[in-house]
Number of protein chains: 2
Amino acid sequence: MPALERALDVIDLLASRDRDLPFSEIMHALNIPKPSLARILGLLTERGLVTKTDERGLYKLGMQLLYLGGRIESKLRLRSVARPHMEELALTTGKTIELSTLDRDQLILIDQIEGNEGVRLFTRIGSAYPYFHAIGAGKIYLAHMERNKRKEVLRKIGLPMVTKHTIANVEQLERELSDIVAKGFAFEDQELREGVRRAVAPIYDSHGKLAGCIGIASPIFSFTYEDKDDLAQVVKGAARKISADMGAATQNNG
Amino acid sequence: MPALERALDVIDLLASRDRDLPFSEIMHALNIPKPSLARILGLLTERGLVTKTDERGLYKLGMQLLYLGGRIESKLRLRSVARPHMEELALTTGKTIELSTLDRDQLILIDQIEGNEGVRLFTRIGSAYPYFHAIGAGKIYLAHMERNKRKEVLRKIGLPMVTKHTIANVEQLERELSDIVAKGFAFEDQELREGVRRAVAPIYDSHGKLAGCIGIASPIFSFTYEDKDDLAQVVKGAARKISADMGAATQNNG
DNA sequence: CCAGGAGGTCTCATATAGGATACTTAAAAT
DNA sequence: ATTTTAAGTATCCTATATGAGACCTCCTGG
C-alpha cells in the first residue's frame, strides 16, 4: 500500500521539521513521484491532516491532528487528573514538571510544564524515550516489573551509556531498583543528560497498577545533590494525591 | 488510493467513538474487506497511529497522534503563551475558559480549561465551529473582516438559527459587529447553546493582526446579563496581557 | 470435548492505483 | 519581456495492490 505508507511518511516528515516544506522538498526527501505526491497531499489536505500555507505550496501539519491528539482518551484521564497537581508543583518549585506513562512498551511524555529556569529540557510531548535505565521514570517502570520480564527487557535494550553518568552494569542497576522500591521514588542524576537531574515518583491507578510517573526536572545548579530528598518528598506527595484522584486505595509507602 | 482513504476513515471512526472497537466492527462500519483492513490496521499500528488493546483485537487511537498534535507549532505559540493567563482566569472566575483561533477559514478551539460549575460545555479541543454568527469568537472574526470578505462569508454560510436566540438578520448582526469593534469584546447570549453565555475578547499578534480569541463561558445561572460588563473587563484584561506576551504593541482600545 | 465465532494469514487472478511523460499555470528572476 | 523554476493536472499503459475465498488458531460457551 504505497499511498498509505507514503502519506504517513509525509506526515512524519512534516512533524520532524521545524518549518513548512514546499512540494519539491517533500518529493525529493521521500522520493515520491510528482503525481503521486500531488494526490497524497491533496487528500491529506482535504482531510485536514495537512495544511497548505501561503497559497503558494508550503505544507505543514494540520489542525485535525490536534483534534485527533485530543481524542486519545485512554491515557488522558491520567493527564487531566494530574494537571492541577502538576501546576501546583510548578508553582511551588518553579521547576519543570513532567508526566509520563508507558504505552506499547515505550515510555511516553504525556504532559509537561516548563519551569522558569530558562533551561529548555527539549523533550516533546508525545515523544518516546528508548533508554529505560537512564531515566527516572524508566527505572520506576523497571522496578515494578517482575524479574523475568525485566531481564528480558534489559537484554533487548542493553545498557547503553547515554552520558558518562549512565548506569552501565546490571548489578548496580538492580541495587538501584531495590532502592527505588524501598524509598518510593527514583533519582536521576545526569544519567540521561549532562547537567540535568530528576526526582520521579510513581502514580498508581484504582487497580493498584502503575499508571505513570510524575517527575521534577531541573539543571544541576538549582537541583543539588542535597536537594534530592526534599524534592523527592514533594514529588511523592504530588504522586500520592494524583493516585488518590485516580481512585487508588490510599496506601502509605513512605 | 483506497488504502489511504480507508486508513483515514479508520482513524476518524476510532476518533468518533468513545470506546475501543473490535476488528469486525470497523470492517462492517466502513465496508472494508478483511485482508485489506488487516493490512491497514497492521501498518497504522506499526506506525503508532492506532493501538491494539487487550491483545484481543480491540483498536483505539495511538499515542503517535498525541505527538503529532503536539508538533503543530503554528498556532501553538498562541496556546502556550495564553496558557498561564487562562489558568489565572480560571482561578479567579471559576468559569470555563476557552481559547480559539482561525484555521483554514474555520474557527477552532485550541485550548480549554473547564470551570468548576459542573456544567460540561462539551466542546472538544481541535473541533471546529461552523456558525460564525452564533459564537462570540466568530462574531469577533467577522467584525475584523473587511466588508466585502464578510459579505461573502455570510452569503456562504447564511444565518441559520442555532437556538432561538441566534441572530437571524444581517442588519442586526452588522449593528452587533460595530458594537464589538467599539467595545472591544463580544457577548454571546445563548446564541449557540441554550443556557450558555460567553464573553469573548480578541488577541492580537505582533503584526497587529487578530491571532485568536479568549472567552469565558458559563451557564446563565452564574452568568447573568448584569455580570456581562464585569466579565467583559476581565477577559479583555487577559486578552490584553496575552497580546502583549505575543509581542503586540500595547494599545489601549477600551 | 466439540462447535461456533473472531482475528488474522495465505494465495492468486484481476481490477486499478501508480508513474513516465507531457502539458498548464503562475510567480519570480534576468 | 522573456526565461526559468516550481506547483499542479491530464493521459494512459502497466506493474501491483486488492479482495474472494480458503485456511489457521485461539478463545468461549454449550
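Proteins come first, then strands; the chains are lettered A, B, ... in the order of their sequence lines, and each starts at number 1.
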What's the closest nucleotide to the side chain of Pro22(A) if the choices are dG18(C), dG7(C), dA7(D)?
dA7(D)
Check Ile242(A) against Ala82(A) and note the closest heavy-atom contact, atom names and distance.
CD1-CB, 3.8 Å
Whole angstroms only, please: what is the CG-C1' distance between Leu21(A) and dA7(D)?
15 Å
Candidate pair Lys52(A) and Asp20(A), rule salt bridge (Lys or Arg N to Asp or Glu O under 4.0 Å), full reasoning:
CA-CA 9 Å; Lys52(A) 186 155 63 161; Asp20(A) 303 351; over 6 Å; no
Could you work out how much the helix from dC1(C)-dG30(D) to dT30(C)-dA1(D) bends, comparing the axis of its first five pairs with that of its last five, to 10°?
40°
Expressed in angstrom and rounded to an integer, what is the separation of Met27(A) atom CE from dA7(D) atom P?
8 Å
Please step through side chain to side chain contact (heavy atoms under 4.5 Å, CB included) for the pair Ile214(A) and Val200(A), ending with a clear verdict.
CA-CA 6 Å; Ile214(A) 182 168; Val200(A) 185; over 6 Å; no
Taking 4.0 angstrom as the limit, do Glu191(A) and Lys139(A) come out as a salt bridge?
yes
Has Tyr59(B) got a side-chain N or O lying under 4.0 Å from the OP1 or OP2 atom of dG8(C)?
yes
Taking all non-hydrogen atoms of both residues into account, name the closest pair between Tyr204(A) and Met246(A) and its distance.
O-CB, 3.8 Å
Report yes if at least one side-chain N or O of Lys52(B) is closer than 4.0 Å to OP1 or OP2 of dG7(C); otherwise report no.
no
Would you say dT5(D) has OP1 or OP2 under 4.0 Å from some side-chain N or O of Ser24(A)?
no
Between CD of Glu46(B) and C1' of dG8(C) the distance, given in whole Å, is 16 Å
dG8(C) C1' sits how many Å from Leu58(B) CG, rounded?
15 Å
Taking CZ from Phe23(B) and C1' from dG5(C), how many angstroms apart are they, rounded to a whole number?
14 Å
Using a strict cut-off of less than 4.0 Å between a Lys/Arg side-chain nitrogen and an Asp/Glu carboxylate oxygen, indicate whether Glu25(B) and Arg19(B) qualify as a salt bridge.
yes
Rounded to the nearest angstrom, tell me the gap between atom CG in Leu44(B) and atom P in dG8(C).
13 Å
Run the numbers on His133(A) and Tyr141(A) for ring-ring contact (aromatic ring centres under 6.0 Å, His included), then give the verdict.
CA-CA 10 Å; His133(A) 65 298; Tyr141(A) 268 101; over 10 Å; no
Can you check nucleotides 19-24 of chain D for protein contacts, nitrogen or oxygen pairs under 3.5 Å, and list what you find?
residue : atom : partner  : partner atom : Å
dG19(D) : OP1  : Arg6(B)  : NH1          : 3.1
dG19(D) : OP1  : Arg6(B)  : NH2          : 2.9
dG19(D) : OP2  : Arg6(B)  : NH1          : 2.7
dG19(D) : OP2  : Ser36(B) : OG           : 2.1
dG19(D) : N7   : Arg39(B) : NH2          : 3.1

Is the shortest heavy-atom distance from the side chain of Ile26(B) to the side chain of Tyr59(B) under 4.5 Å?
yes
Between Ile140(B) and Ala186(B) the two heavy atoms that sit nearest each other are CG1-CB, 3.6 Å
Nearest whole angstrom, please: distance from the P of dT18(D) to the CD of Glu5(A).
11 Å
Distance in angstrom units between Glu25(A) CD and dA7(D) C1', rounded
15 Å
